[in-house]
Number of protein chains: 2
Amino acid sequence: MSGSGGVRRSMPSIEVVAREAGVSTATAGRALGGYGSVSAKSREAVLAAAERLGYRANSLARSMITGLTHTLGVLVPDIENPFFSRALRGIADVAHERGWEVLLINTDEDLTLERKGLGVLAERRVDGLVVAPTDAADRDALQAVIDAGIPVVLLDRRVPGLDADTVGIDNRAAARDATERLLKLGHRSIALLTGGDEHLAAKLARPGLRGVERIAGTTVGARTAGYRDALLEAGVDPRPELVSAEGFRREDAAEATARLFALPDPPTAILALDSLLALGVLLALRRLGLRCPADVSLVSFDDADWAEAISPPLSVVAQPIYELGAEAGRLLLDRVQGSERRVTHRRLPTRFIERESARSLL
Amino acid sequence: MSGSGGVRRSMPSIEVVAREAGVSTATAGRALGGYGSVSAKSREAVLAAAERLGYRANSLARSMITGLTHTLGVLVPDIENPFFSRALRGIADVAHERGWEVLLINTDEDLTLERKGLGVLAERRVDGLVVAPTDAADRDALQAVIDAGIPVVLLDRRVPGLDADTVGIDNRAAARDATERLLKLGHRSIALLTGGDEHLAAKLARPGLRGVERIAGTTVGARTAGYRDALLEAGVDPRPELVSAEGFRREDAAEATARLFALPDPPTAILALDSLLALGVLLALRRLGLRCPADVSLVSFDDADWAEAISPPLSVVAQPIYELGAEAGRLLLDRVQGSERRVTHRRLPTRFIERESARSLL
DNA sequence: CACTTGGGTGAGAACGTTCTCAATCCGGGG
DNA sequence: CCCCGGATTGAGAACGTTCTCACCCAAGTG
């Protein structure tokens with residue numbers, strides 16, 4: 001087997017390589033880094049010496065000089081969430097393609113962690129940041145990062161008044177479309193599982209969900225508004241008790257579903273705002289002994305990998321998740337690489353995929 | 001709104017802060033970094049100046065000196081795969097808890113990309129590496145990294161002869177157990193979907209799967225061996241045509257399943273070696289008009305989030321995926337922080353979760 | 001009073017690159 | 001033979017920290 005020999009503790013520096021090759025560090029640097037001009041003879045000597053010594057450039061030192069770390073920071077609530085892991089894949093692919101790496105931080109929807117994360121990434125001098133912010137409340141912290149010269153792209157979620165590019169979908173229109181489809185099938189009693197928090201729940205408590213306009217700037221708020229738009233236009237009165245905002249986890253959705261079916265007048269259809277919530281619904285239906293779509297119709301955001309495989313296959317509002325991430329990466333790297341264009345907001349198209357989980361009542 | 005004022009292009013250095021506070025850079029460093037000794041008066045002056053100027057330490061410079069980047073490299077085939085995104089969550093949580101960050105690279109099961117990734121991470125001087133290697137063929141590249149002084153922990157997959165810690169499960173025993181359960185239910189014709197490649201397929205082509213012992217060191221190989229063990233002990237002849245190794249993607253599994261049911265003597269049960277493959281099986285069954293478990297039983301590795309929610313809920317071999325990642329993180333950081341213990345191999349326990357996708361033929 | 005002790009301080013080295021700049025080398029034209 | 005211009009080279013600065021070391025000073029100690 002070829003030499004996997006002695007235990008080297010620390011890697012050789014460019015100076016050692018230069019000495020070994022009989023040239024100056026400047027020349028060695030030029031040969032190894034591919035800049036400036038070097039004679040063929042010197043280059044060969046340097047490269048041979050580097051090979052012999054197992055030289056690896058120290059990118060820290062390089063970054064100190066060039067001012068570029070070739071690193072993108074990614075700040076998301078939870079990498080386990082399929083939405084974010086797919087989006088991250090998009091970001092990472094674009095980044096790698098252009099020679100950048102990705103530093104990942106989970107925020108767990110926790111504002112304190114998010115702020116801490118922003119601080120860490122700033123100290124690491126990442127060249128740019130893709131953030132799916134927990135809450136608009138972090139605007140100042142994000143603006144501080146931008147002011148410090150680190151461009152930011154917001155993914156999936158928007159922060160009003162922030163000086164950053166955003167990438168997402170038209171949430172209001174997508175939710176409206178999904179709701180309209182259920183209405184067209186004859187459903188009048190349509191539940192909405194938002195995954196939101198108390199903050200949202202408070203806004204929704206008013207008659208007719210009128211409070212929702214105030215938060216239509218957020219992802220969940222916009223979708224809820226779209227849901228309300230569709231109902232109103234169809235002449236259906238929005239019932240706040242059919243809208244549940246009790247957390248983003250699967251069990252939260254399961255509990256919410258159980259509560260819906262304890263109502264005197266339970267829904268005939270459910271719209272879930274992401275695939276994890278849809279899973280919670282399915283779980284609850286199974287526990288309640290209800291069948292989909294015979295007893296209740298279900299439509300969900302996000303075309304999870306299991307959506308097509310289960311019985312019945314799930315009808316979904318498919319977001320181009322990978323592309324959202326890739327586009328975020330592109331916008332960010334364009335800016336990192338010097339583009340001075342104005343702040344832009346990209347809305348990628350969604351696609352409703354009709355399968356068999358929503359049945360007609362007509 | 002509080003000052004999100006002027007556009008600062010580059011961040012102030014410690015020297016600027018020191019000048020502003022009227023002390024030397026050494027003292028400013030001590031005050032900000034919390035080392036050495038500083039008078040209360042100086043400390044206050046420095047911290048106030050730092051606050052005023054929006055100072056953020058440059059961790060690149062710090063790393064140059066201390067020799068620690070506080071960064072862990074993670075090299076996995078595909079972060080979209082739920083196994084790896086969950087494991088990454090475990091790694092990242094442990095890392096953050098101890099003050100480390102995570103640099104992520106996808107290899108796409110591509111040896112070239114993997115080698116390139118190792119190189120990049122080495123140049124970034126990560127303090128340690130968690131790798132789920134594509135193939136044992138990369139042993140020399142991995143050994144070179146270790147020899148350069150960067151500790152490595154192997155996740156889920158092993159590389160014979162490599163000087164690194166490993167974290168995983170007892171794949172052979174787990175597969176054997178799952179197969180035995182199907183046998184106990186009366187199944188004699190049990191198919192295996194491995195997700196492996198041509199390399200594996202070649203070994204399996206021999207009568208009675210005898211070639212599998214040669215690759216029992218790999219994850220897929222060990223599981224296949226366990227499957228064979230169970231069959232042999234039950235006096236059932238392993239049928240190579242029931243073992244399919246045609247790729248890790250969902251569609252691969254769907255095609256393999258279709259082929260299985262085109263056999264004159266199709267299986268009555270299927271064991272899938274990961275949840276993506278199980279999804280492919282479900283998809284194929286739906287296309288073929290077959291029902292689970294009435295027409296065929298299904299058992300899969302990995303307790304995917306949808307496994308419990310679908311109908312019928314899926315019986316699975318649950319790996320403690322999060323804990324695998326966390327343990328890998330712990331082993332690595334212990335070593336980074338100076339532990340000199342010998343190479344260890346952690347095998348975490350698996351748990352068979354019996355649900356309703358496997359029925360008795362008796 | 002001289003002598004130790006130890007907290008506090010600053011000058012300057014060190015980390016490993018890239019960049020700047022001046023010096024040297026080489027061949028060809030006058 | 002001398003001079004010009006471009007390729008090649010090396011010395012040394014620079015990046016922003018932490019580390020080493022010598023120094024100062026006040027408070028004890030003999």
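No hydrogens, no waters, no symmetry mates; every other heavy atom, side chains included, goes into these values. Below, chains carry the letters A, B, ... as their sequence lines are ordered, and counting in each starts from 1.
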Verdict with supporting geometry, B:Asp93 and B:Tyr322, side chain to side chain contact (heavy atoms under 4.5 Å, CB included): CA-CA 10 Å; B:Asp93 283 355; B:Tyr322 178 90; 2.6 Å; yes

Thinking salt bridges, do [X] and [Y] make one under a 4.0 Å N-O criterion?
X	Y	answer
A:Arg330	A:Asp334	no
A:Glu80	B:Arg86	yes
B:Asp108	A:Arg89	yes

Side-chain donor/acceptor pairs under 3.5 Å, residues 125-137 of chain B, sequence neighbours excluded:
unit_1   : atom_1 : unit_2   : atom_2 : d
B:Arg125 : NH1    : A:Ala57  : O      : 3.1
B:Arg125 : NH1    : B:Ala122 : O      : 3.0
B:Arg125 : NH2    : A:Arg56  : O      : 3.0
B:Asp127 : OD1    : B:Thr69  : N      : 3.0
B:Asp127 : OD1    : B:Thr69  : OG1    : 3.3
B:Asp127 : OD2    : B:Thr69  : N      : 3.3
B:Asp127 : OD2    : B:His70  : N      : 2.6
B:Asp127 : OD2    : B:Thr71  : N      : 3.4
B:Asp127 : OD2    : B:Trp100 : NE1    : 2.9
B:Thr134 : OG1    : B:Glu114 : OE1    : 2.9
B:Asp135 : OD1    : B:Ala137 : N      : 2.8

Terminal axis angle for the helix from C:dC1-D:dG30 to C:dG30-D:dC1, five pairs an end, nearest 10 degrees: 70°

Shortest non-hydrogen contact between A:Ile91 and A:Val102, atoms and distance: CG2-CG2, 4.5 Å

Taking A:Asp165 for the side chain and A:Val153 for the main chain, is one N or O donor matched with an acceptor at less than 3.5 Å?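 Here the side-chain-to-backbone pair does not exist.
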
Output the rounded distance in Å from CZ (A:Arg19) to P (D:dT9). 19 Å

In this structure, how many angstroms lie between the C1' atom of C:dT9 and the CZ atom of B:Arg43, rounded? 14 Å

Quick one: is [N] close enough that its OP1 or OP2 comes under 4.0 Å of any side-chain N or O from [X]?
X	N	value
A:Ser24	D:dT9	no
B:Ser42	C:dT9	yes
A:Ser37	D:dT8	yes

Is the number of heavy atoms from other residues, nucleotides or ligands within 6.0 Å of CD (B:Glu15) greater than 12?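 No, not enclosed.
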
Going 5' to 3' through nucleotides 16-27 of chain C, assign each nucleotide B (protein heavy atom under 4.0 Å from a base atom), S (under 4.0 Å only from sugar-phosphate atoms) or - (no protein heavy atom that close). BBBB--------

